Amino acid sequence: MKELGAGIAITGSGSATPSASLDNDTLSQLVETSDEWIATRTGIRQRRLANAGESLTELATRAARGAIAMSGIEVEDLDLIVLATSTADDLFGSASAIQAQLGARRAVAFDLTAACSGFVFGLATVAQFVRTGVYRNVLLIGADILSRWVDWSDRRTCVLFGDGAGAVVVQASTTGDRLLSFELCSDGSLNNCLQLPYRTQPHSLVGAIEVGQGDYGTIAMNGKEVYRFAVKRVPEVIEKALYRANLNIDEIDWLVLHQANQRILDAVADRLHCPREKVLTNLSKYGNTSAASIPLVLDEAVRQNQIKPGDRIAASGFGAGVTWGAAIFEWG
C-alpha cells in the first residue's frame, strides 16, 4: 500500500454512448413538440438511446476500457471499481458485472447512487480510499440508461434524457494531490421535485399477512423547482469548494457542469462571473445522461486537446435526491 497522506491523480478518461440517435424532429413524431421548442428551452438537439439489447454493463465497460488504456495501467492493477448509477441492470448492482467483463480479478466493486451528482460523489468517495492508503488504482464510472424510465408521452421529460457512460482512472500520487477540494450536499425535503418512485400494490400471502409488490414508475419532475434549485445551489457549492481550495473562479481553466439544461449552465456561469467560453458542454448531442454527463464531456474535451495536463477544473453535479456537489481538481 502507498504511504498514508499521499495524494491522487486522475490519469485517464473514457466514454461510450449507444449508436442510435434520436433528434428533435424525429421526437416530434411521438409528442407535440418541435426542434425549435426543445432547443430554445434546453439546448438539446438530439440524444443517444440504448436499444433493448444494450446493457448498462456493456456501455460502462466500454467507457472503462478507454480510461484504463489512457492511464497506461493494466486491468489487473485495479484495486477498486465504483459505478455511479441510478439505472443498474440488476437492482443488486452492476459494478461486479463490469469487474467480470473487464477481467479485473483483484478489484473490489460496488455501486453508488446519487443520481446526476453521482460522479462528483463518487470522486470524493474513491479519493478517500486512495488518500488513506487502502487502494492505489481505482476506476470510477458514471453511467445511466435513463431511456428505460422515461414516459415517452410526457413532453416535459422525454425531450431531456439520453443514455451514456463515462469513466476515469484515479491513482495514488506521490508528487502532490490533484483533488484540491470538494463539497457535497443533500436536501431530502426537495425529493419530490425529481424522482422515480416505486409503486407498490398489496399482495396477500396467508391469513392477515401481506407484502407490497410492484415496480418503479417513470421519471417525474417539477422543472421550475429544479431550475430554481440548480441556479441557486450550484454556484454556492462551487464557491465553497473554491474557498476550500484557496482559489477563485479566475484561476479555473474549465467549468464542467452536469449537462442538464443549457439555461442552467448559462445561469450558473453568469452567477459565478465565469466566461462562457470556459464552460464545457456537449448537451446538444447527448441530452441529460445523469451520472455519465460530467465524465462524458470531460473525456471528449481531453481527447480533443481542450483539457491539458495541469488544467484546473471545477466540476459540479446536481439532481434527484436532491443532491449536489462540486470538486476542484487538476487534470493529469
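Positions are given from 1, in the same order as the sequence printed here. Nothing here was measured: the structure is a model prediction, and the numbers come from that model.
Under the 3.5 Å distance criterion, the side-chain polar atoms of D77 are matched with a main-chain donor or acceptor of E74. At least one donor-acceptor pair closer than 3.5 Å links the side chain of T85 to the backbone N or O of A143.
For the pair R312 and W331, the cation does not sit on the ring face, since its NZ or CZ is not both under 6.0 Å from the ring centre and inside 45° of the axis.
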Practice prompt. Please report the C-alpha distance between D299 and S13 in whole Å, then the side-chain angles of each, then the deciding distance to 0.1 Å, and finally whether the side-chain hydrogen bond (donor to acceptor under 3.5 Å, both in side chains) criterion is met.
Written response: CA-CA 5 Å; D299 181 55; S13 64; 2.7 Å; yes
**Request:** Could you please spell out the steps behind the salt bridge (Lys or Arg N to Asp or Glu O under 4.0 Å) verdict for E300 and K285?
**Result:** CA-CA 12 Å; E300 285 196 342; K285 296 188 294 182; 3.4 Å; yes
Begin from the C-alpha positions of D79 and R106 and carry the test salt bridge (Lys or Arg N to Asp or Glu O under 4.0 Å) through to its verdict.
-> CA-CA 6 Å; D79 303 305; R106 292 181 53 249; 2.9 Å; yes
What do the steps show when you test R148 against D89 for salt bridge (Lys or Arg N to Asp or Glu O under 4.0 Å), and what is the final call? CA-CA 10 Å; R148 293 171 172 171; D89 296 324; 2.8 Å; yes
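At a threshold of 4.5 Å between side-chain heavy atoms, the hydrophobic network of Ile, Leu, Val, Met, Phe, Trp and Tyr places L242 and V231 in one connected group. In terms of hydrophobic clustering, with Ile, Leu, Val, Met, Phe, Trp and Tyr side chains grouped at heavy-atom distances under 4.5 Å, V297 and L123 are assigned to a common cluster. Under the 4.5 Å side-chain heavy-atom criterion for grouping Ile, Leu, Val, Met, Phe, Trp and Tyr, W324 is connected to V279 within one hydrophobic cluster.
For D253 and K308, the salt-bridge test fails: no basic side-chain N is under 4.0 Å from an acidic carboxylate O.
In this model, a donor atom of one side chain and an acceptor atom of the other lie less than 3.5 Å apart for R47 and N24. Inspection of the S55 and T57 side chains reveals no N or O donor paired with an N or O acceptor under 3.5 Å.
Using the six-membered ring where Trp is involved, F110 and F129 have ring planes that are tilted, between 30° and 60° apart.
Of the options D144, D163, T87, a side chain to side chain donor-acceptor pair (under 3.5 Å) to S290 is made by D144 and by none of the others. Checking each of D35, D23, D25 against R45 for a side chain to side chain donor-acceptor pair (under 3.5 Å) leaves exactly one that passes, namely D35. Each of T289, N288, T281 was evaluated against Q259; a single residue qualifies, T281, per the side chain to side chain donor-acceptor pair (under 3.5 Å) test.
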